[in-house]
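Data block below; observations after.
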Amino acid sequence: MVISMQRWVGKVAIVTGASAGIGSAIAAKLVENGMIVAGLARRKEKIEELKKNLGANKGNLHAIKCDVGNENDILSAFKWITANLGPVHVLVNNAGIILSTTLSDGDTESWRNVIDTNVLGVLICAREAIKIMKSKNIAGHIINMNSILGHTIPNAFVEANIYPATKHAVTGLTESLRLELATKDSPIRVTSISPGATETELSKSSAELLDGVFVEDKMLQPEDIADAVVYVISTPTRVTIKELIIKPTTEKF
């Protein structure tokens, strides 16, 4: 199997949640490999800072303000990208949030915000990307950034409340989408990437909520996940890596 990013050089990639952590690392890595990257996030200024720090590369990074929990924001972003950068070839659904609440007596609005971003946002972005890919006969690639919590819920994560449920949803919808496209003989590939404990803003903000679960010097780094994205999309078009689980070597769950 020949691994190559050559066919993606000069093509458009959309990365949601690109302002920090894994999303930022993925955006940077794709730019380094020659892609035109549209970074979507609520904190557009963070993506603009990243662009300044990237230096000279074959690719380019464009910062777009977008709340993935808001459908109108997503539709506007895709419309701008198509008109100004070109049709999307790679979509990385990375944006995700976790809010402190409970399932037994939690706040409905908090539940809704997490579901809107972590599930509906993924679906809407995938739908819009597929529309474009189909209309342009693009053998594109959609990557949904999942989590180990989309496969199991250790006792230590009980306080994560609705977050694991949304990631289990990502597991199901990613495989359903892969099968739906495969039954239509579509060349569009779909992959779920599930990182274990990774040092990001999200893990740091959740440290108190997930007391003692993450051991900082043993965690994965965002660049590890970015490398995985490059590997997945570098495989030949006949190959689909439908699920990739990445864990720190010493992770005990």
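- Here the CZ-CD1 distance, from R42 to I97, works out to 6.0 Å after rounding to the nearest 0.5 Å.
- A donor-acceptor pair under 3.5 Å links the side-chain atoms of T102 to the main chain of G106, judged by distance alone.
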- [ ] Check the pair C125 / F78 against side-chain contact (heavy atoms from CB on, under 4.5 Å), numbers first and verdict last.
- [x] CA-CA 8 Å; C125 286; F78 271 78; 4.1 Å; yes
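- With respect to K52 and E49, no salt bridge is recorded, no charged nitrogen being found less than 4.0 Å from a carboxylate O.
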TODO: Please assess I225 against M145 for the test side-chain contact (heavy atoms from CB on, under 4.5 Å), listing each intermediate value before the final yes or no.
DONE: CA-CA 9 Å; I225 314 305; M145 198 56 59; 3.8 Å; yes
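- Remark: side-chain polar atoms of W8 are not paired, donor with acceptor, to backbone N or O of V90 under 3.5 angstrom.
- Of all the heavy atoms in R7 and T237, the pair that sits closest is NE-CG2, 3.9 Å.
- The line from CZ of R43 to SG of C66 is 14.0 Å long, rounded to the nearest 0.5 Å.
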TODO: Could you walk me through whether I130 and L177 pass the side-chain contact (heavy atoms from CB on, under 4.5 Å) test, one step at a time?
DONE: CA-CA 10 Å; I130 290 168; L177 179 58; 3.6 Å; yes
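- Residues K29 and E223 are not paired through a salt bridge, judged by the lack of any N-O separation under 4.0 Å between the basic side chain and the carboxylate.
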Task: Derivation and outcome, side-chain contact (heavy atoms from CB on, under 4.5 Å), residues K184 and K134 - done: CA-CA 11 Å; K184 298 176 181 178; K134 283 183 175 179; 4.2 Å; yes
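- Considering all non-hydrogen atoms of both residues, A169 and V119 come closest at CB-CG2, 4.0 Å.
- Electrostatic pairing of R112 and E109 counts as a salt bridge here, judged by a charged N lying under 4.0 Å from a carboxylate O.
- A side-chain donor from one of T235 and R189 sits under 3.5 Å from a side-chain acceptor of the other.
- Side-chain atoms of T171 and N146 form a donor-acceptor pair, as typed in the model, at a separation below 3.5 Å.
- Put simply, the side chain of N118 does not reach to within 4.5 Å of the side chain of V122, judged on heavy atoms.
- Exactly one of I26, V92, I143 qualifies for a side chain to side chain contact (heavy atoms under 4.5 Å, CB included) with I193. That residue is I143.
- Cluster annotation: I22 and V114 are assigned to distinct hydrophobic clusters (Ile/Leu/Val/Met/Phe/Trp/Tyr, side-chain heavy-atom contacts under 4.5 Å, transitive).
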Open item on the list: As a quick check of understanding, evaluate salt bridge (charged side-chain N to carboxylate O under 4.0 Å, His left out) for E243 and R178, giving each step before the final call.
Closed with: CA-CA 11 Å; E243 176 68 54; R178 185 190 70 81; over 6 Å; no
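- Linking ILVMFWY residues whenever their side-chain heavy atoms come closer than 4.5 Å, directly or via other members, leaves L30 and I36 in distinct clusters.
- Looking only at side-chain heavy atoms (C-beta outward), N144 and L173 come within less than 4.5 Å of each other.
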